[in-house]
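Worth knowing before you read on, the calculation uses all heavy atoms, side chains too, and leaves out hydrogens, waters and symmetry mates. Letters go in sequence order (proteins before strands), and every chain restarts at 1.
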2 protein chains.
Amino acid sequence: MARPSDPSARTRLLEAARHVFIEHGLDRAKVEDITRAAGLSKGAFYLHFKTKDDAFKEILGSALAELGTILGEVEGSRAEWSAKPYPELIEQWFYKDLRLFECLWKHRSIMRLVLEGGGSPSYGHLIDLFAASAQETSERLIRYGLECGYYRADLDPKQAAAFVAGGYDRLARRLVHERRKPNLERWLLGAQALCVRALGTPEFIDACVNVHAARLSESSRRRATA
Amino acid sequence: MARPSDPSARTRLLEAARHVFIEHGLDRAKVEDITRAAGLSKGAFYLHFKTKDDAFKEILGSALAELGTILGEVEGSRAEWSAKPYPELIEQWFYKDLRLFECLWKHRSIMRLVLEGGGSPSYGHLIDLFAASAQETSERLIRYGLECGYYRADLDPKQAAAFVAGGYDRLARRLVHERRKPNLERWLLGAQALCVRALGTPEFIDACVNVHAARLSESSRRRATA
DNA sequence: CGCGTTATTGACTGACTGGTCACTGACCCA
DNA sequence: TGGGTCAGTGACCAGTCAGTCAATAACGCG
């Protein structure tokens, strides 16, 4: 009968690795530091992971997978758009943004690392992969929004997508550097308002302004009763 | 009489270093590769530079200094703004944007490296330093624009600055990855239009639309005679 | 040509660290 | 208790590469 393995070893190694990667980046992270933090040996690390890179990929993969799922849902919901009145649509988009940024906050340390290059030339390109993916999604959503008549007909969808994706990217970068969780609702209302003004038809802009005004007065009321 | 030193050695080392850093990033760049490319010895490298890092800093420093100078000029010109009619102001901003992006194109390889993390955890934070600086400049310009009455009074300058800086940042990231020089005028006209729509008063938006329409029909005419 | 001075060289050093593997420890069974 | 099996260990190995410095080369002068 063989010696049973320590059921928490892998988890402890992953958690320790996460902290060391976040602090030092991939290339400067030492397996020795990871194993010391996990209270295990270097050899034990290699029982669970083939290489240091593999541990990194696993940690990165689970954070990116969750974000990717949420991004995919934003796009998946567009079949419902044209059946909805503007205010409801604007609220829906806002909630999707909020979900995405909540998830980003949850994974903020790893995302900060990614956005700073991963601590390795091997991963520096991930920044642009990630941004390009978000931009492509934006472009598809904008093209669909044009068909639905939310946006001005003179828009270049590619340009508009770059600009919008860039604006949200900047917010993401700010978020991952915050010490305390900011008021995401406020951030995202502001971003949505600027977006809609840059791209929208006058009717759509008005609807957005009204939705936001209602939201803000509801927030004030909530604050007054607290 | 001492042996004279080779007057081109330092220049050749810097140029070789630039190429190797661009290709491999800082941490993966080897002094041996640099010196081989320059046709010199490893020892000669250390006659000119204290460390590999110092060579990197020097190369980076000259690119960033030029960009910083142009950014500073954008802000330095604001004293003249309120004396100018809207169309002239919009043209001036456009030319400043163009100058900045021309410079970015000139230094595109080094900037691509910076925007991907520098190939080293030591420089990953530069991405955000650079972006934060651009955002702070944007914020000051937006505050001033509010005073001059170009922008809607309900704007949050901090939010607006983040969004605008993010949009331009995205364009910069696209530019550094282009193989061939794109039509910068077109890019920047589009960006300026979206910006002004997101932030501007109706009068300012109209002025911008007119300036751009005039520019575009002038471009078409130029293209027809070519 | 020899000399003095400085430039340049590249084999070498030493620090670093991912990954290895012979050995030890932990477990259950008879 | 001894045996078999697998988990875990950490000293060691080998590869990497920035930086060093004794030796050699290059230069002008008398």
With a cut-off of 3.5 Å and sequence neighbours excluded, list every side-chain donor-acceptor pair involving residues 44-51 of chain A.
residue	atom	partner	partner atom	Å
A:Thr51	OG1	A:Asp53	N	3.4
A:Thr51	OG1	A:Asp54	N	3.1

Look at A:Glu102 together with A:Lys106 and state whether they make a salt bridge at an N to O cut-off of under 4.0 Å.
-> no
What pairs with A:Ser41 under side-chain hydrogen bond (donor to acceptor under 3.5 Å, both in side chains), at least two apart in sequence or on another chain?
-> none
In whole angstrom, give the distance that lies between atom CG of B:Asp33 and atom C1' of D:dA18.
-> 13 Å
Ring pair (Phe, Tyr, Trp, His ring centres under 6.0 Å) involving B:Phe56 - partner list, sequence neighbours excluded | B:Phe21, B:Tyr123
Find every protein N or O atom lying less than 3.5 Å from an N or O atom of nucleotides 3-5 of chain C, and list the pairs.
residue	atom	partner	partner atom	Å
C:dG4	N2	B:Met1	O	2.5

Listed once per pair and sorted, the side-chain hydrogen bond (donor to acceptor under 3.5 Å, both in side chains) pairs that draw on residues 160-172 of chain B, sequence neighbours left out | A:Gln135-B:Arg170, B:Asp97-B:Tyr168, B:Asp169-B:Arg173
Ring centres of A:Tyr144 and A:Trp81 under 6.0 Å apart?
-> yes
In numerical order, the residues of residues 8-28 of chain A whose heavy atoms come under 4.0 Å of DNA chain D are none
Roughly how far, to the nearest 0.5 Å, is the CG atom of A:Leu100 from the CH2 atom of A:Trp105?
-> 15.0 Å
May I have the distance from A:Asp6 (atom CG) to C:dG25 (atom C1'), rounded to whole angstrom?
-> 14 Å
More than 12 heavy atoms from other groups under 6.0 Å of NZ on A:Lys96 = yes
Any side-chain donor near an acceptor of the partner, B:Ser5 and B:Arg10, under 3.5 Å = no
Applying salt bridge (charged side-chain N to carboxylate O under 4.0 Å, His left out), name anything that partners B:Glu75, two or more places apart in sequence or on another chain.
-> B:Arg140
Can you list, by residue number, the residues of residues 41-59 of chain B that have a non-hydrogen atom closer than 4.0 angstrom to DNA chain D?
-> B:Lys42, B:Gly43, B:Tyr46, B:Thr51, B:Lys52
Is B:Asp27 salt-bridged to A:Arg28, going by a charged N under 4.0 Å from an acidic O?
-> yes
Is B:Arg143 paired with B:Glu147 through a side-chain N to carboxylate O contact shorter than 4.0 Å?
-> no
Applying side-chain hydrogen bond (donor to acceptor under 3.5 Å, both in side chains), name anything that partners B:Ser109, two or more places apart in sequence or on another chain.
-> none
Side chain to side chain, B:Glu91 and B:Arg215, heavy atoms closer than 4.5 Å | yes
To the nearest 10 degrees, how far apart in direction are the end axes of the helix from C:dC1-D:dG30 to C:dA30-D:dT1, each fit to five base pairs?
-> 20°
Write out a two-atom table: protein N or O, nucleotide N or O from nucleotides 13-15 of chain D, distance below 3.5 Å.
none

Residue set satisfying side-chain hydrogen bond (donor to acceptor under 3.5 Å, both in side chains) with B:Thr11, at least two apart, ordered chain then number -> none
B:Ser5, nearest nucleotide to its side chain (from C:dT8, D:dT9, C:dT17) = C:dT8
